[in-house]
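We number each residue from 1, following the sequence as shown.
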Amino acid sequence: MLETSQEQNWTVFVFGGTLRDLLALSPTTVPRDLDLVVAGTTTEALQSAFGQKVVRVNRFGGLHLLIQKLPVDIWTLDSTWAFRERLVHGCDFAALPRTTFLNVEAITAEFQAQPGRPRTVYSQGFFRGIQERQVEINLEDNPFPALCVIRALLTAKRLHFSLGPRLVRFILHHAGRIPFEELEAVQRSHYGRVRLDRHELHLLSNLIREQAGSMKVHPIALPRERQLDLRSQWSEAATPDEVYG
């Protein structure tokens, strides 16, 4: 990737979840995928440069690559959805962290360090979110609210972070309107499998609703896997009316 970007004279920044996992989990964490944003080129030029490594065009118009078994999403800076929709002004790397849905993804850093100077890093509430161990909304506007609900829950569970107040309201609003079948379908499309099935989604949404309704204290913590299993066993022994009202 570095060789290609150098040959093409691109400016490339790493974006989002990879940087979060390196800081929040471990500096030796193997990334599940890599998000790269490129300035100084076009989508057509990216397709030409990576050729057979291009697997598909993703839902935002970027390219999904597979490079040595590592999934890579790469897109041009000016094609970033929030820039295109004029929800975020600037259209530069300094403004890029303002375009993410979640605070714990609102960070970008130079892909290639320049000799003799520190790597450039831009962020927007990212380090506060990591320090407070809280997942919160950064930019609420998003064309895929169902995927946002799923990604927020999975991120909080994986990091063992709490949910911030704005994110709680967002999840309760959309989870109450989007059928669980659709929430499962969006996972199959995005992840290739269902990572939170409808039963788990029922349990999590009920737990969040209970805490949000009975407590003034925010943020809300999700249960660990063992706690969720115990709650699941309890709900299976109860009647549907007892569990879901």
Side-chain angles (χ1 to χ4, degrees), residues 1-58 60-84 86-133 135-136 138-139 151 155 158-159 161:
M1 295 295 295
L2 282 170
E3 288 173 359
T4 300
S5 62
Q6 289 170 343
E7 290 170 0
Q8 302 293 332
N9 198 29
W10 296 336
T11 301
V12 185
F13 272 63
V14 186
F15 188 42
T18 297
L19 297 173
R20 175 202 63 218
D21 289 351
L22 290 172
L23 182 61
L25 296 176
S26 167
T28 59
T29 297
V30 177
R32 294 182 176 184
D33 53 23
L34 188 64
D35 291 331
L36 299 177
V37 184
V38 187
T41 189
T42 64
T43 301
E44 293 73 21
L46 291 176
Q47 288 178 308
S48 176
F50 292 109
Q52 294 183 346
K53 295 182 177 67
V54 178
V55 177
R56 64 178 182 273
V57 178
N58 64 34
F60 285 104
L63 304 181
H64 185 77
L65 316 177
L66 191 63
I67 299 180
Q68 295 184 9
K69 298 183 180 181
L70 177 68
V72 177
D73 283 313
I74 187 168
W75 66 93
T76 61
L77 180 64
D78 59 5
S79 69
T80 301
W81 182 80
F83 289 152
R84 292 201 323 259
R86 300 189 178 185
L87 298 171
V88 174
H89 299 288
C91 198
D92 56 20
F93 286 113
L96 188 61
R98 302 206 304 270
T99 68
T100 66
F101 176 69
L102 296 176
N103 62 334
V104 292
E105 296 173 344
I107 185 170
T108 189
E110 281 182 295
F111 189 43
Q112 180 183 9
Q114 301 300 318
R117 68 170 178 82
R119 193 184 303 266
T120 300
V121 176
Y122 300 110
S123 67
Q124 174 74 21
F126 171 82
F127 292 103
R128 180 178 178 180
I130 298 297
Q131 184 178 28
E132 295 179 352
R133 301 182 63 81
V135 180
E136 184 57 289
N138 180 46
L139 177 68
R151 290 183 63 252
T155 298
R158 182 166 183 249
L159 299 176
F161 281 14

Taking the side chain as everything from C-beta on, heavy atoms only, tell me whether [X] gets closer than 4.5 Å to [Y].
X	Y	result
Val38	Thr11	no
Gln8	Thr41	no
Val37	Leu96	yes

Atom [atom1] in [X], atom [atom2] in [Y]: separation rounded to 0.5 Å?
X	Y	atom1	atom2	answer
Thr76	Leu36	OG1	CG	12.5 Å
Ile74	Lys53	CD1	NZ	11.5 Å
Trp75	Thr43	CH2	OG1	11.5 Å

Tell me whether [X] contacts the main-chain N or O of [Y] through its side chain, where contact means a donor paired with an acceptor under 3.5 Å.
X	Y	result
Asn138	Thr100	yes
Thr108	Val14	yes
Thr80	Ala82	no
Thr155	Arg151	yes
Arg119	Ala109	no
Ser5	Met1	yes

What is the minimum heavy-atom distance between [X] and [Y], and which atoms define it?
X	Y	result
Phe15	Ile107	CD1-O, 3.3 Å
Pro97	Ala106	O-CB, 3.3 Å
Trp81	Leu87	CZ3-CD1, 3.3 Å
Asp92	Phe83	O-CZ, 3.7 Å
Leu139	Thr99	CD2-O, 3.7 Å
Gly129	Asn103	CA-ND2, 3.5 Å

Pair Asn58, His64: side-chain N/O donor-acceptor within cut-off below 3.5 Å:
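Not at all, the side chains of Asn58 and His64 share no donor-acceptor pair under 3.5 Å.
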
Can Phe93 and Phe13 be said to form a ring-ring contact (aromatic ring centres under 6.0 Å, His included), step by step?
CA-CA 8 Å; Phe93 286 113; Phe13 272 63; 4.0 Å; yes

Quick one: salt bridge (Lys or Arg N to Asp or Glu O under 4.0 Å) partners of Arg128, sequence neighbours excluded?
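Residues passing salt bridge (Lys or Arg N to Asp or Glu O under 4.0 Å) with Arg128: Glu132.
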
Any pair with a residue in residues 7-33 that passes salt bridge (Lys or Arg N to Asp or Glu O under 4.0 Å), sequence neighbours left out, goes on the list, sorted by first then second residue, please.
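Passing the test, one end in residues 7-33: Arg20-Glu105, Asp21-Arg158.
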
